[in-house]
Amino acid sequence: MANHSFTAPSTGAIQLWSGTIIPTTRDAPTDAESPSHILLSRSGYVRKLGAGIYDYLPLATRVLRKISQIVRQEMDAAGSSELLLPALLPIELYAGTKRDLDYGDLLFKVTDRKQGIYALGPTHEEPITELAKAAITSYKQLPVSLYQIQTKFRDEARPRSGILRGREFIMKDAYSFHLDIDGPGGLNETYDKMFAAYTSIFNRCGLDFTAVEAEAGPIGGSASHEFMVNADSGEDTILKCPASNYAANVEKCEIGPRPAPSKGYFAGDPSGALDEVHTPNCPGIEEVAKLTKVKPQNMLKSVLFAVRSSPEDLAKSGQEYILAVVRGDHDVNEGKVRQAASVKSIELADPAKAAALGFAIGFISPRAAVGKKGVLLLVDRDAALGYDDAANKPRFWMTGADKKDYHAKHFNWQRDLGTDPLAATPHNPTTHPAGNLKATNNNLIVADVRNALAGDPSPRATGSTLITGRGIEVGHIFKLGTKYSDAMGMSILDDKQTKRSVIMGCYGIGVSRTMAASVEQNHDPDGIIWPTPIAPYHVIITTLSPSHMTVARDLATQLSTLGVDVLIDDRDERPGVKFKDADLIGIPIRLTIGDKALAEHAVEFKPRKSKDKPVNVPLTQVVARTIETLST
RNA sequence: CGGGGCGUAGCGCAGCUUGGUAGCGCGUCUGGUUCGGGACCAGAAGGUCGGAGGUUCAAAUCCUCUCGCCCCGACCA
């Protein structure tokens with residue numbers, strides 16, 4: 001009889017192992033390196049079909065469905081409605097945004113029989129905007145938020161780490177449309193709701209994660225957050241302040257106020273005469289360090305960027321190149337360079353063009369910027385020193401000699417940079433240690449332009465220092481602004497009958513990546529350990545003899561009625577094989593039915609994550625015990 | 001795209017240097033003995049050696065081209 005009640009209790013699944021395919025293996029394919037790839041392959045969840053292309057077998061499909069259901073519930077609760085857009089997109093759709101070019105080879109393209117070119121959607125800003133243009137005709141319909149869960153395609157240069165970075169993957173993407181940024185119905189309101197929804201999604205998935213600030217969008221402020229599953233094997237480095245809630249990725253992480261040098265920036269006597277050293281074939285800091293035995297922290301790293309700007313911008317700023325200088329053991333942060341220089345877009349300078357201007361790439365010193373029009377010298381605080389306060393003596397620097405295959409020792413900012421542009425620099429800027437220092441002729445700026453490191457001062461809590469961790473990005477929320485609506489002509493009349501560009505936000509979750517990230521975070525040498533909410537089954541009943549099937553079925557039925565998903569290992573295998581496989585596939589609770597326990601009218605009870613020996617639980621209590629354990 | 005490496009049975013690998021009728025372990029199938037942490041014995045099935053061309057009496061092996069795959073880097077939500 002069909003149950004027409006809207007409140008029908010959900011019934012758990014009962015699956016016989018013998019009735020599905022769970023091809024576990026002792027050895028993982030040679031390709032597999034990361035824990036998630038090895039374990040998901042060995043335990044029969046996924047199988048590789050091509051580079052970055054995977055079959056999702058029944059167990060994986062159940063996990064993906066569970067993650068998707070949690071995502072759906074939270075997205076729905078946040079007021080977003082689900083739709084489904086095509087994955088196959090006519091290339092003409094990108095005419096307005098030029099993203100087919102920006103994406104470049106990352107965009108999968110296919111040709112139809114009429115030689116028409118199509119893209120396989122990597123994300124769906126264009127089609128959703130196209131749809132919204134047609135469907136949203138009045139400001140009274142705003143705000144609105146839409147999402148879908150769908151297979152996405154990216155022609156990755158190098159797919160890797162199994163499911164973590166495939167060419168085909170499952171993603172939830174959501175888009176919101178607004179008339180305003182602030183206030184009721186504004187972008188910020190939805191963004192905050194999405195932040196809360198994401199927090200609750202990953203909490204409900206049972207994952208340990210960190211929400212980090214990411215590269216700011218066109219609107220500025222903290223316009224973007226990434227949700228990172230904490231895992232040592234993660235590809236991304238994140239920085240956290242233990243004293244405040246601040247967390248950010250390397251690209252974004254600010255550095256708190258660093259103590260200003262006692263004598264002022266650049267000030268200090270030379271540590272010796274400027275000596276040239278022959279350093280053949282040593283363009284990099286490490287090679288030079290090896291050859292000369294000078295530590296990287298005593299070197300200056302000079303990186304030349306070309307400013308990508310329109311002719312109008314160029315006329316205004318006059319900047320064509322930026323020479324960024326950081327300590328040899330530090331890394332230049334492009335975003336910070338852009339920000340400090342107040343330019344929108346930069347790229348590493350073309351070596352040939354740079355050489356024509358007199359920059360010997362690999363052997364550049366700050367002196368190379370002196371006297372050159374249109375070149376901004378941008379020096380990191382830790383590099384702009386003339387005196388070593390800790391050692392109480394002049395600061396020793398090694399730098400390039402501005403000619404191929406030579407470096408120079410005893411570089412001194414005041415002596416060797418000359419009066420231009422240094423003379424125009426305030427020498428005692430200690431009053432604003434966090435602000436940027438700008439030379440009056442605009443040719444030199446001292447600022448924070450390097451990547452943050454563990455141990456750097458926190459930007460949010462005085463006295464606290466940053467710590468680092470590794471993470472896997474599983475979610476990203478972003479304030480898009482009017483980028484797509486402008487490019488595709490989506491505007492709308494407001495209540496004052498003024499034409500307004502629609503403001504958008506976009507919000508993504510890597511569903512298949514979340515599955516893999518969970519394995520990266522939760523496994524042991526025996527196999528996967530699923531968090532209960534996303535486990536393919538909650539309970540595995542391991543029978544040690546065919547005669548135990550009656551008890552197994554009875555238990556499974558009781559559990560199923562209470563909403564528990566049960567897998568019964570009914571195979572005619574030796575116990576050892578069954579135990580190994582149960583551990584491998586990572587079901588949260590194993591109930592073993594064997595003669596020993598059965599003699600006491602009991603079954604063995606063992607949570608997967610527990611290191612303890614299994615305990616006997618009476619048949620009459622085991623259901624309650626299971627529910628209790630699953631609920632905590 | 002640069003550098004390195006690998007394609008031999010479902011999975012893991014040997015054989016290639018020095019050409020001569022393709023092998024091992026795991027898994028699978030049959031029979032038997034076993035049965036609480038990946039059992040044992042006996043037997044069996046399963047491979048156009050990634051593909052194409054070339055050299056040779058003879059090619060998994062040597063040569064050329066090609067396709068696929070992995071790792072490091074560049075790039076990347």
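Naming convention: chains lettered A, B, ... in sequence-line order (proteins, then strands); numbering from 1 in each chain. Note that the structure is a prediction, hence the values are computed from the model and not measured.
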Measuring only the [atom1] atom in each nucleotide, how far is [N] from [M]? A whole number of Å is fine.
N: B:G20; M: B:C63; atom1: P; answer: 15 Å
N: B:G38; M: B:C75; atom1: P; answer: 48 Å
N: B:G3; M: B:U28; atom1: C1'; answer: 41 Å
N: B:G73; M: B:C40; atom1: P; answer: 42 Å
N: B:C29; M: B:A45; atom1: C1'; answer: 7 Å
N: B:A60; M: B:C13; atom1: C1'; answer: 15 Å
N: B:U18; M: B:C76; atom1: P; answer: 46 Å
N: B:A52; M: B:G43; atom1: P; answer: 37 Å

Would you mind classifying the nucleic acid contact of [X] as base, sugar-phosphate or nothing, using non-hydrogen atoms under 4.0 angstrom?
X: A:F169; result: base
X: A:P159; result: sugar-phosphate
X: A:G508; result: nothing
X: A:I593; result: nothing
X: A:A51; result: sugar-phosphate

- request: Starting at the 5' end of nucleotides 5-11 of chain B, put B wherever the base has a protein heavy atom under 4.0 Å, S where only the sugar-phosphate does, and a dash everywhere else.
  value: -----SS
Reported CD-to-CD1 distance for the pair A:E251 and A:I238, which is rounded to 0.5 angstrom: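 Interatomic distance, A:E251 CD to A:I238 CD1, rounded to 0.5 Å: 12.0 Å.
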query: Roughly how far, to the nearest 0.5 Å, is the CD1 atom of A:I503 from the OG atom of A:S485?
result: 7.5 Å
message: Using a 6.0 Å cut-off, check whether atom CZ of A:R167 has over 12 heavy atoms from anything other than its own residue.
response: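 Yes, enclosed.
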- prompt: Within a radius of less than 6.0 Å around CD of A:E235, do more than 12 heavy atoms belonging to other residues, nucleotides or ligands occur?
  reply: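 Yes, the 6.0 Å shell around CD holds more than 12 heavy atoms from other groups.
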Across all strands shown, which nucleotide pairs with [N] by Watson-Crick or G-U wobble geometry, both distances under 3.5 Å?
N: B:U28; result: B:A44
N: B:G37; result: none
N: B:C65; result: B:G51
N: B:U21; result: none
N: B:C76; result: none

- request: Flag the pair A:E125 and A:R99 as a salt bridge only when some basic side-chain nitrogen lies within less than 4.0 angstrom of an acidic carboxylate oxygen.
  value: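 Yes.
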query: Does a salt bridge link A:R450 with A:D331, judged by any charged N lying under 4.0 Å from a carboxylate O?
result: no
Please state whether the phosphate of [N], meaning OP1 or OP2, lies under 4.0 angstrom from any side-chain nitrogen or oxygen of [X].
X: A:K48; N: B:C70; result: yes
X: A:R165; N: B:C76; result: no
X: A:R574; N: B:A39; result: yes
X: A:R154; N: B:A77; result: no

[X] and [Y] aromatic centres sub-6.0 Å:
X: A:Y537; Y: A:W17; value: no
X: A:F195; Y: A:H225; value: yes
X: A:H124; Y: A:Y484; value: no

Between atom [atom1] in [X] and atom [atom2] in [N], what is the gap in whole Å?
X: A:D572; N: B:U30; atom1: CG; atom2: C1'; result: 15 Å
X: A:F478; N: B:C76; atom1: CZ; atom2: P; result: 14 Å
X: A:I540; N: B:G37; atom1: CD1; atom2: C1'; result: 14 Å
X: A:R158; N: B:G4; atom1: CZ; atom2: C1'; result: 11 Å
X: A:R26; N: B:U28; atom1: CZ; atom2: C1'; result: 14 Å
X: A:K580; N: B:C26; atom1: NZ; atom2: C1'; result: 15 Å
X: A:F579; N: B:A39; atom1: CZ; atom2: P; result: 12 Å
X: A:L49; N: B:C70; atom1: CG; atom2: C1'; result: 16 Å

Looking at [X] and [N], is any side-chain donor or acceptor paired with a base atom of the opposite kind under 3.5 Å?
X: A:D583; N: B:G37; result: yes
X: A:R42; N: B:G38; result: yes
X: A:E604; N: B:G36; result: yes

Ring geometry between A:F359 and A:Y321 (parallel below 30°, tilted from 30 to 60°, perpendicular above 60°): tilted
field: Nearest-neighbour nucleotide for the A:E156 side chain, B:G36, B:C69, B:A77 considered
entry: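 Within the option list, the nearest is B:A77.
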- line: By nearest-nucleotide position on RNA chain B, the 5'-leaning member of A:E334 and A:L584 is A:L584
